[in-house]
Amino acid sequence: MMNRIAFIKLRGNFTTKSFLLHSETPFSSFHIGLHSDTRNVSSNRSLFDKITNLNDALNLFDEMSHRHPLPSVVKFTQLLNVVTKMKHFTYALNLFKQMCSLGVPLDKYTLSIAIKCCCQLHRTKDGFALLGCCFRRAISPNVYIYNALLDGLVLEDKILEAEMLFKKLIKQKLCEPSVVTYSTMIKGLCKFGNNVTALALLRLMEQKNCKPDIVTYNTIIDSLCKDKMMDDAFKLFKEMVFEKGILPNVITYTSLIRGLCNLGRWDEASKLLKEMEDENISPNVQTFTVLVDAFCKEGKVEEAEAVINIMVERGKAPDLVTYSSLIDGYCLRREMFKAREIFDSMTLRGLVPNVVTYSSLLNGYCKNLNIEKAEQMFREMSGKGLKPDVVTYNTMIQGFFQVGRCVDAHKLFDEMYAQGQIPNECTYRIVLEGLCKNRQVEEALSLFHLVGDSKLNSDIAMYNILINGAGKYGKVDIAKNLFHDLIDKGLQPDVHIKSPT
DNA sequence: CTAGGGTTAG
């Protein structure tokens, strides 16, 4: 549980930072039509059902926008929805902007889709700007719009703002929260490891006569499983099935099986797998991948391979995630030849390795101190048009430090910036650790001070690295200063620090 | 014409 919270905290910091980079609000300047259009509500769905790719949708939009008279807002919104369903949120927003300039009279449907797009693009701020447009245009926002905004805040890890919005909805009666509203808020709480409040909210919604459904239960059950609280997870599972009469689905079972596997409770996991099959719920690729991953993390690649064979027999093709887990498994066992073989076999199966796949193998090479092979992978992925992400850079930088190539590590650290990848807390940890390991404690210290006021400077883990690094090479003064520094900041020294004497 | 849940890398 601690790990999850630490992880989220870490991610939260940097999403906030990167969000500030695009905080311009492009919608405030838009003209939004005033008329409400009630013509032509009868839908011609078949027209839009046929659109299966982005280009067709964009072409149709273009054609529609040249018609005289313009098609109704309903037609435009249907098309907008098609693009959104394809998850092309940026394109959908562009279409929305075009609708604005064409003077198509927008309604709450159009706006709810546009708001959803902003939120899914981590631009919830723009979503709220559009909410303002709703108010100005006397379009009263409904529960769909608030759900989209709430989800956006959760997505950006702005849990406090999400809670504030949620409470505001209820207190000011802005809309009647639906089961989706509650479930979204519950998801946010779970994401921050706050299962207790999530459960309290489950009870609250029941009190308010809003019936939790399979999604609500799955969200909490999954969170409990992630926190290894299997007893609570099964208690909730039983409540859902026997008290509420809600049938579990493949997602419910997959969460439970993952929880058991991660605790090494293989027998119970296999029992559950059998149980779900008895209930006629077939495990899917994700269910099997959970098993593969769990086996691999314990170095049991033979078992993982057996699961993959079963998958294939049942016509469930292992995907990128499955193979990435298997590659990790072989890397862990230092069987790099085998890892490479899996990697190559993926291509033969028509799977295109992505950044994660490359990073897995690259990580394997680094951990096995075959830095040249890792560099080769790094170059190869760039050659294939895959942009290394923060994790890739972190892995490679750590690899360089491990073999004492500090200059290359430094170069890559700079390149990371140049490529627009913002270093995260892991990056700094790796760099600080790397510098200390390579007897460059002073440099680590100056980097630490350079980063300045960020959370980093009040992170006990960073102090641990520096103090231990300084202590190891007899730089007692530095260690002492750091120790006093952290006490001054009110940080609690933990067991990982050897108090300098 | 609108909404929510499960899997991967350091």
Side-chain angles (χ1 to χ4, degrees), chain A residues 7 37 40-45 48 72-82 84-85 107-117 119-120 142-151 154 178-188 190 212-223 225-226 249-259 261 284-294 296-297 318-328 331 354-364 366-367 388-399 424-427 429-430:
Chain A
F7 176 69
D37 187 313
N40 238 345
V41 184
S42 67
S43 61
N44 182 3
R45 294 229 48 177
F48 295 101
S72 72
V73 61
V74 176
K75 292 274 183 287
F76 274 111
T77 306
Q78 280 175 322
L79 184 54
L80 195 63
N81 192 33
V82 169
T84 307
K85 285 266 153 70
D107 61 14
K108 64 181 169 194
Y109 297 103
T110 329
L111 278 156
S112 82
I113 295 174
I115 290 173
K116 188 197 151 103
C117 289
C119 293
Q120 294 298 309
N142 56 14
V143 65
Y144 288 89
I145 289 180
Y146 286 116
N147 288 347
L149 290 167
L150 192 65
D151 198 37
V154 169
S178 67
V179 58
V180 176
T181 322
Y182 282 106
S183 300
T184 305
M185 192 65 241
I186 285 174
K187 175 177 73 176
C190 289
D213 62 12
I214 180 78
V215 178
T216 325
Y217 275 103
N218 281 350
T219 307
I220 307 181
I221 288 173
D222 181 67
S223 180
C225 290
K226 279 189 179 129
N249 61 15
V250 62
I251 296 180
T252 327
Y253 277 110
T254 303
S255 291
L256 290 166
I257 289 173
R258 194 194 40 230
C261 286
N284 60 18
V285 177
Q286 294 184 46
T287 319
F288 285 121
T289 300
V290 161
L291 295 168
V292 170
D293 187 54
C296 286
K297 286 210 162 73
D319 64 9
L320 275 180
V321 180
T322 323
Y323 285 118
S324 291
S325 292
L326 190 60
I327 289 173
D328 279 343
C331 289
N354 63 10
V355 180
V356 177
T357 330
Y358 270 98
S359 296
S360 288
L361 197 55
L362 193 146
N363 178 45
C366 286
K367 292 286 134 62
D389 67 7
V390 184
V391 178
T392 324
Y393 278 108
N394 288 354
T395 311
M396 201 67 224
I397 290 171
Q398 191 171 39
N424 59 19
E425 290 186 19
C426 280
T427 320
R429 183 180 53 74
I430 287 165

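Residue numbering restarts at 1 for every chain, and letters A, B, ... go by the order of the sequence lines.
- Rounded to whole Å, the distance from CD1 on A:Ile397 to P on B:dA9 is 19 Å.
- Among the atoms of the strands shown, none is found under 4.0 Å from any heavy atom of A:Thr84.
- Using a 4.0 Å heavy-atom distance criterion, A:Lys116 is classed as a sugar-phosphate-only contact.
- What separates OH of A:Tyr323 from P of B:dT8 is a distance of 18 Å, to the nearest Å.
- When rounded to the nearest whole Å, the span between CD1 of A:Ile113 and P of B:dA3 equals 7 Å.
- Contact annotation for A:Thr254: base contact, defined as any heavy-atom pair under 4.0 Å involving a base atom.
- Among the nucleotides B:dT8, B:dA3, B:dT7, the one closest to any side-chain atom of A:Val290 is B:dT7.
- Nearest nucleotide to the side chain of A:Val321, out of B:dG4, B:dC1, B:dT8: B:dT8.
- Residue A:Asp319 is classed as having no contact, given no heavy-atom separation below 4.0 Å to the nucleic acid.
- Counting to the nearest Å, the P atom of B:dG6 and the CZ atom of A:Phe288 are 20 Å from each other.
- Counting only heavy atoms from C-beta outward, the side chains of A:Lys187 and A:Val215 never approach each other to under 4.5 Å.
- Using a 4.0 Å heavy-atom distance criterion, A:Ile214 is classed as a base contact.
- Between A:Lys297 and B:dA9 there is a side-chain N or O to OP1 or OP2 distance below 4.0 Å.
- Within the 4.0 Å cut-off from OP1 or OP2 of B:dT7, at least one side-chain nitrogen or oxygen of A:Lys226 is found.
- Residue A:Val390 is in base contact, counting any heavy-atom pair closer than 4.0 Å across all strands shown.
- Atom pair A:Tyr144:OH and B:dC1:P shows a separation of 11 Å (rounding to whole Å applied).
- The nucleotide whose nearest atom lies closest to any side-chain atom of A:Val74 is, among B:dC1, B:dT7, B:dG4, B:dC1.
- Although no hydrogens or angles enter the test, the distance criterion places no donor-acceptor pair under 3.5 Å between the side chain of A:Ser223 and the main chain of A:Thr219.
- Among the protein residues, A:Thr181 comes within range of no part of the nucleic acid, since none of its heavy atoms lies under 4.0 Å from any strand.
- One atom, CG of A:Asp389, and another, C1' of B:dA9, lie 8 Å apart when rounded to the nearest Å.
- Of all nucleotides listed (B:dC1, B:dT7, B:dG4), B:dT7 comes nearest to the side chain of A:Arg258.
- With no hydrogens or angles considered, no side-chain donor-acceptor pair links A:Asn363 and A:Ser360 at under 3.5 Å.
- Residue A:Tyr146 contributes atom OH, which lies 18 Å from atom P of B:dA3 at whole-angstrom precision.
- For the residue pair A:Gln120/A:Asp151, the side-chain donor-acceptor check at 3.5 Å is satisfied.
- Here A:Val143 lies out of heavy-atom contact (under 4.0 Å) with every strand.
- Of the candidates B:dC1, B:dA9, B:dT2, B:dT2 carries the atom nearest the A:Lys85 side chain, counting heavy atoms from C-beta on.
- Backbone-only contact: A:Asp328 has heavy atoms under 4.0 Å from sugar-phosphate atoms and none from a base.
- Here B:dC1 presents its C1' atom at 12 Å from CG of A:Asn142, a figure rounded to the nearest Å.
- The base of B:dG6 lies outside donor-acceptor range of the side chain of A:Ser255, with no N or O pair under 3.5 Å.
- Among the nucleotides B:dA9, B:dG4, B:dT8, the one closest to the side chain of A:Val391 is B:dA9.
- Distances from the side chain of A:Gln78 to the nucleotides B:dT7, B:dA9, B:dC1 place B:dC1 closest.
- Side-chain nitrogen and oxygen atoms of A:Asn81 include at least one within less than 4.0 Å of the OP1 or OP2 phosphate oxygen of B:dT2.
- Put simply, the side chain of A:Asn249 and the base of B:dG6 share no donor and acceptor less than 3.5 Å apart.
- Not a single donor-acceptor contact under 3.5 angstrom links the side-chain atoms of A:Thr184 to the base of B:dG4.
- Looking at heavy atoms from C-beta onward, A:Thr181 lies in side-chain contact with A:Ser178 at the 4.5 angstrom threshold.
- Of all nucleotides listed (B:dG4, B:dA9, B:dC1), B:dC1 comes nearest to the side chain of A:Tyr109.
- If you check every strand for non-hydrogen atoms under 4.0 Å, A:Thr322 touches nothing.
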**OP:** Take A:Asn81 and A:Thr84 through the side chain to side chain donor-acceptor pair (under 3.5 Å) test and state the conclusion after the steps.
**Re:** CA-CA 5 Å; A:Asn81 192 33; A:Thr84 307; 4.9 Å; no
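- With A:Asn142 contributing its side chain and A:Ile145 its backbone, the two residues share a donor-acceptor pair below 3.5 Å.
- At the heavy-atom level, A:Ser183 lies under 4.0 Å from base atoms of the strands shown.
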